[in-house]
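Next up is a structure, given as C-alpha cells.
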Amino acid sequence: MNIVTQIEDTLKQEIEQAVLNAGLAKAEEMPEVILETPKEKEHGDYATNMAMQLARIAKKAPRQIAEEIVGQLDAEKASIEKIDIAGPGFINFFMDQSFLTQVVTEINEAKESYGSSDVGQGKKVQIEFVSANPTGTLHLGHARGAAYGDALANVMEKAGYEVQREYYINDAGNQIGILAKSIEVRYFQALGKDVDMPEDSYRGKDIIELANQLVEKHGDEFANMTVEERLEAFRNFGLEHLLERIKQDLEEYRVPFDSWFSETSLYESGVIEQAVDQLRENGYVYEAEGATWFRSTDFGDDKDRVLVKNDGTYTYLTPDIAYHQNKIDRGFDELINVWGADHHGYVNRMKAAIQALGNPKDLLDIKIVQLVHLYQDGEKVKMSKRTGKAVTMQELIEEVGLDATRYFFIMRSNDSHLDFDMDLATSESNENPVYYVQYAHARICSMLKQAEEKGIDVNAEANVSVLTSEKEMDLLKRLGDYPQVITEAASKKMPHRIPQYVFELAGDLHSFYNAEKVINPDDMERTQARIALIQAVRIVIQNALQLIGVSAPEKM
RNA sequence: GUCCCAGUAGCUCAGCAGGAUAGAGCAACAGACUUCUAAUCUGUAGGUCGGGCGUUCGAAUCGCUCCUGGGACGCCA
C-alpha cells in the first residue's frame with residue numbers, strides 16, 4: 001500500500017476510535033470518516049467534518065463534539081503533529097511531515113508501477129469504443145472517443161481492473177450496401193462514365209480512392225459482371241480496405257484493441273434469434289403492424305422499438321442486443337460503451353434490452369463523448385462525413401501532432417462539448433499545456449544528464465529527509481496524491497483527471513526549479529536528495545503521460 | 001413537443017457521492033535570463049458559479065422550476 005493511503009487510513013481509524021471512546025456514537029450509527037485536503041494551508045494537511053456529521057446523532061454542538069474527539073485522539077499513533085478546531089467544527093490535522101519524504105524512495109523503488117493498485121480487484125471489464133462503421137475513415141469524433149476509451153482502459157488497468165478493449169465492426173447493415181453502391185458509382189466515374197451519386201451515398205475522398213484502386217488493378221472487368229456480383233465484390237473490397245485503414249489509423253494514434261468483433265458473426269452463429277426468443281420468453285415482445293416489437297417502455301424508454309421489420313429483416317437494434325448478450329455471456333463483470341453524442345438517444349433502449357434479458361441494470365455503463373468543434377484562425381471548421389469535407393483524424397494528427405491531439409482530447413471531461421483550438425495545439429509556446437508538461441520532463445532529463453556528466457551517481461541512495469523546503473514539500477505532496485488520482489479517475493471513469501494532475505505536477509516542478517538549485521557540488525547530501533526527488537517526478541510524469549498516450553521527450 | 005449534455009473570470013475549462021475566503025491556463029498589467037533549457041518562474045487585476053424557489057448548521061455541488069446554447073428523437077445505422 002502507498003505511504004499516503006497508509007497514513008490516511010490510520011488517521012481515519014484513529015478518528016473513528018476516538019468517536020467511539022468519547023461515546024459520541026455507537027458503532028452501528030458511525031458515519032463514514034471523510035478526510036479532505038483543505039485548500040488553505042492554514043487549515044492543515046487534512047480536515048474532517050466528523051463533528052458536524054455527529055451533531056444530530058450526539059445532539060451536541062459541533063465544536064463541543066470536536067473538542068471531545070480531539071481529547072480522545074492518539075496523536076502519536078496517527079502521526080499528527082498538531083490539531084486545530086476551526087470554523088463551524090472542522091478538525092484540522094497538521095501531520096508529521098517526515099513521512100512524506102518516504103514517497104520519493106517508494107516511487108524510485110516502484111518505478112512505473114507506482115500508482116498501481118488493486119481497488120479494481122481484478123474485476124473483468126470490457127470497454128467497447130470507437131466502433132466506427134467501416135464505411136469511411138475516422139474523423140474528429142472518433143478521435144475523441146478513441147482517446148477517451150484508451151485512457152480509461154489504461155487507467156482502469158492501473159487501478160487493478162482486468163480490461164478488454166473491443167471494437168464492434170458494423171459490417172452487416174444497410175450502410176454496407178450503400179458503401180458498395182457508392183464505390184460502384186465512383187468506379188464507373190473513374191472509368192469515365194457519367195453516373196450520378198444517389199442521395200444517400202458516401203461522398204468521401206476515400207471512396208474515390210478505392211474506386212481508382214479498383215480501376216488501376218482490374219480495369220473495367222467489374223463492369224461486365226452482374227450487378228449482384230459486382231456489388232458483392234465491391235462490398236468485400238470496401239470493407240477490407242476501409243477497416244484496414246481504420247486499424248492503421250488507430251495504431252498510429254497509439255490506441256490498441258484486444259478484440260475486433262464482427263456484426264456478421266452474430267448472423268452466422270444464430271445468437272440474434274436466440275436473443276429475440278429470450279426477450280419473447282421474458283414477456284417483452286409483441287407483434288403489431290406486421291413487425292415484431294420490443295416493449296422497452298417497461299424499462300423507461302420513450303417508445304417501444306421494432307426488432308423485426310415488416311420485410312422480415314432486423315433493425316440495427318436487434319443484432320446489437322444480441323451482441324450485448326454475447327458480451328455478457330463472455331463473463332464480463334461490467335460493460336462500458338463509449339458512444340458519440342449522436343447516439344445518446346439510443347442509451348435507454350440498450351439499457352432496457354439489458355434488463356429485459358434478465359441482467360442487472362448497472363451491468364452496462366454508457367459513456368457519451370460530446371461533440372468536438374474545431375477552430376482554426378478563429379473560425380469554426382466544419383466537419384461532415386457525407387459532404388466529403390470531413391476533417392479526418394489523420395488530417396488532425398498531421399496538422400497538430402499526435403501528442404497534442406491526444407492531450408487535448410483527454411484533458412476535458414467527456415461530457416462537455418469540446419472546442420479544439422488548432423492554433424493553440426500547434427503553438428510551441430507557453431500557451432500550450434502539452435509542451436508545458438513535456439518540458440518539465442525534458443528539464444529533469446537534462447538535469448540528470450548534467451549530474452551524470454559531473455560524475456554524480458543519479459541512482460545512489462539518498463538521504464531524503466533533508467527535503468524540507470516549501471517547494472520540495474509541495475512536490476512531495478503532489479507525488480503522494482498520484483495513486484489516489486488514479487483510483488478516482490478509474491472509479492469515476494474520468495481519465496481527464498490525469499492530464500489535470502500531471503499539469504499541476506509539472507507546475508510544481510517548474511516552480512521548484514526556479515526556486516532551488518538541484519545540482520550543488522558544495523552540498524552533496526542535498527544534491528543527492530534532490531536528484532532522487534526529480535527522478536521520482538520524472539517517473540510519475542512519464543507514467544501519467546503514458547496513460548493518456550502522450551510521449552515524454554528527454555530533450556526539447 | 002419529449003429526452004440527453006452544457007451554462008463558473010474577457011476566452012477555454014476544472015471543481016459538483018454538500019464544507020471554510022470558488023480554482024487553473026490563456027489573454028491584460030508589472031517584474032525575473034553572466035545562474036542546472038525563459039516552451040520557465042514571481043506578482044497584480046479579474047466572479048450576482050444562467051435566474052428563481054426549496055432541502056441543510058452549510059449549496060457552484062442535491063431537488064423543483066424557468067431561461068439560453070448544443071445534440072438526439074426512423075420498421076436508418
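Because the structure is a prediction, the values reported are computed rather than measured. Residue numbering restarts at 1 for every chain, and letters A, B, ... go by the order of the sequence lines.
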| task | Decide whether A:Glu488 and A:Tyr501 meet the rule of one side-chain donor and one side-chain acceptor closer than 3.5 Å. | result | no
| task | To the nearest Å, give me how far apart CD1 (A:Ile366) and P (B:rA72) are. | result | 17 Å
| task | State plainly whether the residues A:Arg280 and A:Glu287 are in salt-bridge range, i.e. N to O under 4.0 Å. | result | yes
| request: Using a cut-off of strictly less than 4.0 Å, decide whether A:Lys471 has a side-chain nitrogen or oxygen near OP1 or OP2 of B:rC41. | output: no
| query | Mapping A:Met447 and A:Val308 onto RNA chain B by nearest heavy atom, which one lands closer to the 5' end? | reply | A:Met447
| Atom C1', compared across B:rC13 and B:rU35: separation rounded to whole Å |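 Going atom to atom, C1' in each nucleotide, I get 36 Å.
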| query | Does A:Lys477 pair with A:Asp45 as a salt bridge, N-O distance under 4.0 Å? | reply |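 Judged by the 4.0 Å cut-off on N to carboxylate O distance, A:Lys477 and A:Asp45 do form a salt bridge.
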| To the nearest Å, how far apart are A:Asn514 CG and B:rG43 P? | 11 Å
| task | Sort out for me which residue in A:His343, A:Lys351, A:Arg349 forms a side-chain contact (heavy atoms from CB on, under 4.5 Å) with A:Val347. | result |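 Of the listed options, the one satisfying the test is A:Lys351.
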| Salt bridge flag under 4.0 Å for residues A:Lys327 and A:Glu128 |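 Counted as a salt bridge, because a side-chain N and a carboxylate O are separated by less than 4.0 Å.
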| request: Write down the distance separating the C1' atoms in B:rG15 and B:rC57, rounded off to the nearest Å. | output: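 B:rG15 and B:rC57 have their C1' atoms separated by 23 Å.
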| request: Could you work out the separation of B:rC33 and B:rA38 based on their P atoms and round it to a whole Å? | output: 12 Å
| Once you round it to whole Å, what is the distance between P of B:rC76 and OH of A:Tyr314? |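 Spelled out: OH on A:Tyr314 to P on B:rC76 is 15 Å.
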| message | Measuring only the C1' atom in each nucleotide, how far is B:rG58 from B:rG71? A whole number of Å is fine. | response |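 One C1' to the other, the span is 36 Å.
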| Given B:rC36, B:rC5, B:rU40, which nucleotide is nearest the side-chain atoms of A:Ser446? |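 It is B:rC36.
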| Nearest non-hydrogen partners of A:Val550 and A:Arg406, listed with the distance |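 Taking every non-hydrogen atom into account, CG2-CB, 4.0 Å.
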| field | Distance-only donor-acceptor check, side chains A:Asn459 and A:Gln535, under 3.5 Å | value |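 Checked: A:Asn459/A:Gln535 side chains pair up, N/O donor to acceptor below 3.5 Å.
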| task | Mind checking A:Glu289 for me? I need base, sugar-phosphate or nothing, with any heavy atom below 4.0 Å counting as a touch. | result | base
| message | Without decimals, in angstroms, what is the distance between A:Leu418 CG and B:rG70 P? | response |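 In whole Å, B:rG70 P lies 17 Å from A:Leu418 CG.
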| query | B:rG69 and B:rU8: how far apart are their P atoms, nearest whole angstrom? | reply |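 Nearest-Å result for B:rG69 against B:rU8 at atom P: 14 Å.
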| Touch check for A:Asn310, heavy atoms < 4.0 angstrom, all strands: base, sugar-phosphate only, or nothing? |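 Touches a base.
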| message | Checking contacts here: which listed nucleotide (B:rA38, B:rU35, B:rU40) is nearest the side-chain heavy atoms of A:Lys517? | response |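 That would be B:rU35.
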| Footprint string (nucleotides 14-21 of chain B, 5' to 3'): B base within contact, S backbone only, - free, heavy atoms under 4.0 Å | SSSB-BBB
| Atom pair distance, as rounded to whole Å: CZ in A:Phe294 and C1' in B:rC75 | 16 Å
| Watson-Crick or G-U wobble partner of B:rG63, both distances under 3.5 Å |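 Answer to the pairing question: B:rC53, which forms a Watson-Crick or G-U pair with B:rG63.
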| Distance test, side-chain N/O of A:Thr135 to OP1/OP2 of B:rA77, below 4.0 Å |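 No.
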| Under 4.0 Å between a side-chain N/O of A:Arg443 and OP1 or OP2 of B:rA38, yes or no? |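 Checking B:rA38 against A:Arg443, a side-chain N or O does come within under 4.0 Å of OP1 or OP2.
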| task | Look at all strands and tell whether A:Tyr346 reaches a base, only sugar-phosphate, or nothing, counting heavy atoms closer than 4.0 Å. | result | base
| field | Value in whole Å for how far the P atom of B:rC26 lies from OH of A:Tyr435 | value | 16 Å
| query | Just by distance, with hydrogens left out, do A:Gln500 and A:Glu504 show a side-chain donor and acceptor under 3.5 Å apart? | reply | no
| task | Using the C1' atom on both, measure B:rC49 against B:rA30 and round to a whole Å. | result | 29 Å
| said: Considering every strand and a 4.0 Å limit on heavy-atom distances, what is the contact class for A:Ala341: base, sugar-phosphate, or nothing? | reply: sugar-phosphate
| field | Complementary nucleotide for B:rC33 - Watson-Crick or wobble, under 3.5 Å | value |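 Result: none.
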| With a non-hydrogen cut-off below 4.0 angstrom, is A:Ala451 in contact with a base, only sugar-phosphate, or nothing? | nothing
| request: To the nearest Å, give me how far apart OH (A:Tyr202) and P (B:rA77) are. | output: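 The distance from OH of A:Tyr202 to P of B:rA77 comes to 10 Å, rounded to the nearest Å.
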| message | Taking only the C1' atom of each, what is the distance from B:rG10 to B:rG52 in whole angstrom? | response |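 27 Å, rounded to whole Å.
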| said: When the C1' atoms of B:rG19 and B:rA59 are compared, how many Å lie between them, rounded to an integer? | reply: 10 Å
| The single option from A:Asn310, A:Asp311, A:Thr315 passing side chain to side chain donor-acceptor pair (under 3.5 Å) against A:Thr313 |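 Of the listed residues A:Asn310, A:Asp311, A:Thr315, the side chain to side chain donor-acceptor pair (under 3.5 Å) partner of A:Thr313 is A:Asp311.
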| said: Under 4.0 Å, heavy atoms only, any strand: does A:Lys454 hit a base, just the sugar-phosphate, or nothing? | reply: nothing
| Which atom pair, heavy atoms only, marks the closest approach of A:Ser182 to A:Tyr202? | OG-N, 3.0 Å
| field | Of the listed nucleotides B:rC36, B:rC41, B:rC5, the one nearest the side chain of A:Val518 | value |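 For A:Val518, the side-chain atoms sit closest to B:rC36.
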| said: Just N and O in the side chain of A:Tyr436: are any of them under 4.0 Å from OP1 or OP2 of B:rC41? | reply: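 For B:rC41, OP1 or OP2 has a side-chain N or O of A:Tyr436 closer than 4.0 Å.
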| request: Provide the Watson-Crick or G-U wobble partner of B:rU2, both distances under 3.5 Å; none if there is no partner. | output: B:rA72
| query | Is any side-chain nitrogen or oxygen of A:Lys303 closer than 4.0 Å to OP1 or OP2 of B:rC75? | reply |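 No, A:Lys303 has no side-chain N/O under 4.0 Å of OP1/OP2 on B:rC75.
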| query | So what's B:rU21 paired with, Watson-Crick or G-U wobble, going by both distances under 3.5 Å? | reply | none
| request: Return the nucleotide paired to B:rA28: Watson-Crick means purine N1 to pyrimidine N3 with N6-O4 or O6-N4, wobble means G-U with N1-O2 and O6-N3, both under 3.5 Å. | output: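 Paired with B:rU44.
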| query | In whole angstrom, what separates A:Leu509's CG from B:rC41's C1'? | reply | 12 Å
| query | Hey, does A:Glu516 reach any base, or is it just sugar-phosphate, or nothing, if we go heavy atoms under 4.0 Å? | reply |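 Touches a base.
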